[in-house]
Each structure stands twice: as C-alpha cells, then as structure tokens.
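Encoded as structure tokens, the structure appears first; notes follow it.
The chains referred to below are lettered A, B, ... by the order of the sequence lines, with proteins before strands, and numbering in each begins at 1.
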Amino acid sequence: MRAARTAYPLTWRIMDALEGVAAAIWPARFRRATPYLMLLPAVLLVGLLVLGLIQIADASLRTLDTTTFQFSDDYSTANFRRALTEPLFLVVAQRSLVAALIVTAVTLVFAFPYAYLMVRTRSPGLRKFLLIALFLPFFIGQVVRAYGWLIILGNQGMVNEALGLVGVAPMRLIYNYPAVLFGLVQYMLPFAVLMLAPALTAIPEELEAAAGSLGANWVRTFIHVVLPLARPGFIGAGVVVLTLSLTDFAVPAILGGGSHDFIANAIYDQFFRTSDQGLGAMLALMLVALGSILVGLVFALFGAGTLAMGRSRV
Amino acid sequence: MQEPFRAAASHEAKGGGEIAVTVRNVGMDFDGVQAVKNASFDLPKGRFLTILGPSGSGKTTLLRMIAGFQTPSSGEIFINGEAVSAVPPHKRSIGMVFQRLALFPHMTAAENVAFPLKMRRRDARTIPDRVERYLALVRLGGYGGRRIHELSGGQQQRVAIARALVFEPDLLLLDEPLAALDRKLREEMQLEFRRIQRELGVTTINVTHDQREALVVSDDIVVMDQGEIQQKARPIHTYRQPRNAFVANFIGVTNFIAGTVRAVSEAGDVSILRGDLMLAGKIGDPVNPPAEGDKASGAIRAEQIRLAGDAAQLSKLDCMLAGTVTDTIFEGERMVYEVACAAIGDEVIRVFDHDPAAHTQFDIGESVFLGWNARDMLVFR
Ligand SMILES: Nc1ncnc2c1ncn2[C@@H]1O[C@H](COP(=O)(O)OP(=O)(O)OP(=O)(O)O)[C@@H](O)[C@H]1O
Ligand SMILES: [Mg+2]
C-alpha cells in the first residue's frame, strides 16, 4: 500500500486534483463550448474596435461650424464631398497609395534574398547574425530610427560631410519623396523577412536540387519552384507591408518634413491642428476603406488560401 | 509498348561495352570527416549498379557527387568519357529520384513529368504525348491530372521515376527511393525498376542499404563501408565470394569463428586452429591471403550449415561441431536455430532450417550436431 503511494508521483496527484476541480466548475457537457470561450478575449477586443469605428462613423457625418466651433446636430455628406474634391486630399491619397505600392515591391525584392540566405545558409553563425540584425531595428523603434536617418542624411549629416571631404557640395538628401520611400523600405524590411522566412523554410531544399538535376538553372528554379511555393509568404508579407506603409505616420512626418504627408498625417492635422474631427473621421474611414479594398483585391486575385490558411497544399 | 521506345533501345545497342560513368580516386572531406575515400569504379552503358552499405557509409555523398550537387575534394568523375567536375547539375544529362522523392507539390503528376522537358526546351507540341507515354510506362496512364497529394505513396514513387526518365537521361540515379515504402510495395517496386530499366536500357546507379534489393535488381553491386569501396562484383559473386569479412558479414547471415592459421596450400586451402579444434576452409581474399601464424576467422553462412540430432547423419560433411540449442526463432519461411558450441568456447552459431516439416525438430536445450563442407568456409585475415 505504502509502496504504491510513493510510486505515484506528487506532480501526478496535483494534476489529478486540478483536473477534479476543473471538472467540478466546468462539467464535461460544457466541453464543446471551451474553444469558443477561448475566442472570447479576441472577440471582445475586436468588438471594442468596432464600437470605436461606430463613434468615428458618427463623427464623420457631422460638419464643423467654423464660426462657433460647434459640430452640427444633423448628418450630412459634406465631409465626404470635401474629402473627394479638395485637391490636397487627393494629392495626399495618391502619394500614400503610390508610395505603398512602390515600398511593397521594393521591400519584397530586398527581403527575399535576405530571408533565403537566412533560411538556407549552412553556417549557424551567419544565420544568428542575420537574425540579430533583423531584430535590432525593432528594439530601436520607428521614431528614433527616423531621427537616426536625419542625423545621417541631414544637410550637416555624415553623408554630406563625407561628400564634402571629396569636394562635393552638400546635397538635400531628406525632406523629399525618395527619402520617405527609403525610410519606409528600411522600416518594412524586417517585417517582410520575418513573414517570408517561414514560407521558405517550408520548401524542402531537395526540391531545388531536383529542379537543378531536371535541367533548370537557378533563375528557372526560382521562377517555377521557389516563387510558386513561397507565394503564401509573399502574399502575407506584401499585405502587411502594403497596409503598414499606406497608414504610416512617423516616416513621412520626420523624413518628409511636413511637405510629403501621407493620409495618416492629414488625419492627424484634422484632429489636432484644425480640430475638424468630422473631416478627420471621414478621412480615417476612407483610409480604412482603401486598405480593405486593397487587401480584398489581393485575396481576390491570389485566392484566400494564400496566407497558408486552411489546409496545406504540400 | 515497344514502338515508342525504339530510340532508347538503339541507344542500348550502341552502348555495348562503352563506359558510361568512371569514378576515379574520388574522395570527399567534410571538414575533417572523410565521407568518401579514394573510390574508383567503371560502369558500362546500360547496366544497373547498386551502391550498398550501412548508414553513414558515404553512399549518398558519392551519388550527389555524380549528380553534381557536390564537388569531390579529390579525384575526378567522368560521364561518357568527359570530366564533369566543372559541369553544373542542370547541364548534366542525369535523371535522379530522391530519397524523399522531391516531387513539386504545386504541380499535377503530368506537370511534374513535363517539367524536365520544359526546362530543356523540348518541342512543346510533343510534350503532352511523351508525358502520357512515360506515365503509361510506370503504369499511371490516366493519372496525369492528379495533384501529388492525391496519389498514394507507391504512385508518387512512380511519378518520380517517370519524371527522372522522361527526358531520356544518359544516367539514372536512385537514392534509396524505396526506403520509406512497406515491404510488399517495396518488393513490387524493385521488380518494376528492373523491368523499366531493362525496357529502356538506361544506365542506372541505385543506392540502398537493403541487401535484398541490391541482390534482386542489380547487374553489379558496389559494397561500401566507412567511405571505402569494399567490393564491386555481380550479385551472385558478392554473395558467394565476398572479398572480406565486412562484405561477408553485411550480406546474408554469417557466422565467424576466429582462430590461428596453421597451414595454407597453393590450391587455396587454409586450416585454422581454434583451441583444440582444427577447421578447414578456403582463402576468402586471394589478393590479401592469410599466412601461417596469422590471426584469421572462418566465415560460414547460416544456410550452409546442416543440423542433425546424431552425428551419423552428417558423416558426408567435412566439418562437424557438437552444441546445444539456445534459441529458436521462427521467421515464417524459415526457422533460425542458435546453437552454442562447447569446442569454440560456447560461441553461438546461427543455422537456418528451410525444411518446413522440420520446424519443431529441435527444442531449446537439446543437444545437436552441426556440419558443413570445407569449401563453404571462407577464411579472412
Ligand atoms: N554536408 C555534410 N557535412 C558534414 N558531414 C556530412 C555531410 N554529408 C554527409 N556527411 C557525413 O558523411 C558521412 C557519409 O554520409 P552519407 O550521407 O553519404 O551516408 P549514407 O551512406 O548515404 O548513409 P544513409 O544510408 O544513412 O543515407 C556521414 O558520416 C555523414 O555524417
Ligand atoms: Mg543516404
């Protein structure tokens, strides 16, 4: 009797007791509800967001009386019409959209070789180095990084000083569109690499060797084997980079110097400079719509299973 | 079936005796680990060679060097008489079936088979026909539209074979493609390999650690151990005339009795002394024969030993040992007896008994006699 007791480890007995308690407060017939219960926190959080969205939708339909600084009591589409007709907003929207598309394309092109090397290298040292280099920017944060670029690229920055040494006159390297694009690509690269790497890990190396022995050089191996199999990774990374760039605030604000605003900057101005929350809310809603349409378009074009959701095809 | 493969058949006729692959003094170092050491062999066109060896013996490394995925650290490989160390895999005319098949999961069976043809820019109009023909060759006619994951393991195997053969490579390489299959299917596929290889006459190198597969499918067997080629011979010679103790031990079930060489004759007869017991045998390796006074061991196969309850039944045999049955193992088609023999210090000798009527003849603990002929015992240093 005593021997049997000691043979039954303490941890097991604790687990049994815990299971007993669990069974008492959550009987077996409730079991089927358990997965839904676990979903609850996420649903609540998204629910709160939807509430906020309703509030914003409400505000977006009220116009600001510039003499009294009061919002109208009745709804109108005046903000909507202003957002569509005022040239400034069209310019900003177009600028953001074009930037988002360019940044997405460039980032994916740059991220792929990085991710590929990180996944395929035989040297554990190199892999660790690439991983650390990838995460370092995350620790620094976006705003500090953008200021870092100011220090490096500014009129009295390191690049211009170096150019001065070889007799080149100082150049204006910041506060222009390319600088904003540059900053965004640099900011987005780690995200894209992180999303591409698992997709590439999932492709057996042997497939590439097989393609080689079947007569494909590396370009054709890439086009016919790696690219199609890494598609979920490319779509996922593309969607993330696209939406993050489209809605970015800090990079255009700091590296654009106020002259190359994105939609988020315009919204900020409406909320905190002109205090026209109605128009700001309308712009915000239109940004949400634009992003949703883009993402929807990507899924419509490339299929819904592209984020490696649903059943794997491999 | 005959008509479409005329080209291949003539290819075989042309190849009579020509050498397809030469491996000359090839070595491979992985920072300190010598995976392959000084390997050399010739493979004539149209033949089926199997590289056989235990895990880690360097089989895959040798195959990957022939395929071009790895460059030898030393030595040279020739394909059709040309040194290929500077030729990348996609420019070698080699079809390879990988251990894990490496089929493209995003393509159908037909698209997989069409892939090498497209990569080699063959006339697009002829591709569908040819793909269908090769799918039929591996008995998958009509399955072309299936995706890879919609096929069974054996069917996937055959898609991989069709894909490796469809562009009529000079050389077909197989890296244990059957290892993952269950025994029944594996034996079926072995015969399938043999049929296809004979039908097309394609020079083939197969890698395996399954001795039965090597014996069944090959024209020649190269036995490897620890990166070194131990023997290259036809299956029947590999089995009956192993060149050293490793080969004798690796293929088949072999008993070794260690002793000291007492006499060696011109004709190849050797006697070894173990305790008070004198055993007669034949020289195993004429290149490296034992001399008087050497330590050596006599190798005798389990199926070459007769088992009897009394000594008189074995009187026609040259050697005899008395022993006690310590275990009986029923393997279905045969019974294996383990017999401890006092004359050799109670070492256990394994004996097969293929006679189905005799299954229950001896029990554990029973006293028995073992007998064999001197010519069946090979003596190795
Ligand atoms: N890329 C590599 N780097 C370092 N060592 C390697 C590498 N590839 C193989 N080896 C070593 O070389 C030796 C031979 O390996 P190889 O893969 O050729 O064996 P094998 O005969 O194919 O074995 P198995 O039957 O298990 O597949 C092993 O000791 C292995 O650890
Ligand atoms: Mg191997």
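The number of heavy atoms from other shown groups lying within 6.0 Å of CZ (Arg145(A)) is above 12. Counted within 6.0 Å of CZ on Arg100(B), heavy atoms from surrounding residues, nucleotides or ligands total 12 or fewer; the atom is thus considered open. Applying the 6.0 Å contact sphere to CZ of Phe129(A) captures no more than 12 heavy atoms from other residues, nucleotides or ligands. Crowding of Tyr143(B) atom OH: a count of heavy atoms from other residues, nucleotides or ligands under 6.0 Å not exceeding 12. Counting heavy-atom neighbours within 6.0 Å of Phe222(A) CZ, excluding the residue itself, gives a total above 12.
Residue contact with chain A, scored on non-hydrogen atoms closer than 4.5 Å, involves the backbone of Leu103(B) exclusively. Interface residue Lys118(B): only backbone heavy atoms are found under 4.5 Å from chain A.
The line from CG of Leu207(A) to CG of Leu101(B) is 10.5 Å long, rounded to the nearest 0.5 Å. Considering CE of Met119(B) and CG of Asn217(A), their distance stands at 8.5 Å, rounded to 0.5 Å. In this structure, the separation between CZ on Arg163(B) and OG on Ser213(A) is 7.0 Å, given to the nearest 0.5 Å.
Between chain A and the options Lys91(B), Gln99(B), Arg121(B), the largest number of non-hydrogen pairs under 4.5 Å is found for Arg121(B). Taking chain B as the reference chain and counting heavy-atom pairs below 4.5 Å, the highest number among Glu208(A), His224(A), Glu206(A), Glu205(A) is found for Glu206(A).
Across all their heavy atoms, His106(B) and Pro228(A) have their closest contact at CD2-CB, 3.5 Å. Across every non-hydrogen atom of Ala209(A) and Phe98(B), the tightest pair is C-CZ, 3.9 Å. Between His90(B) and Gly215(A), the shortest heavy-atom contact is CB-C, 3.6 Å.
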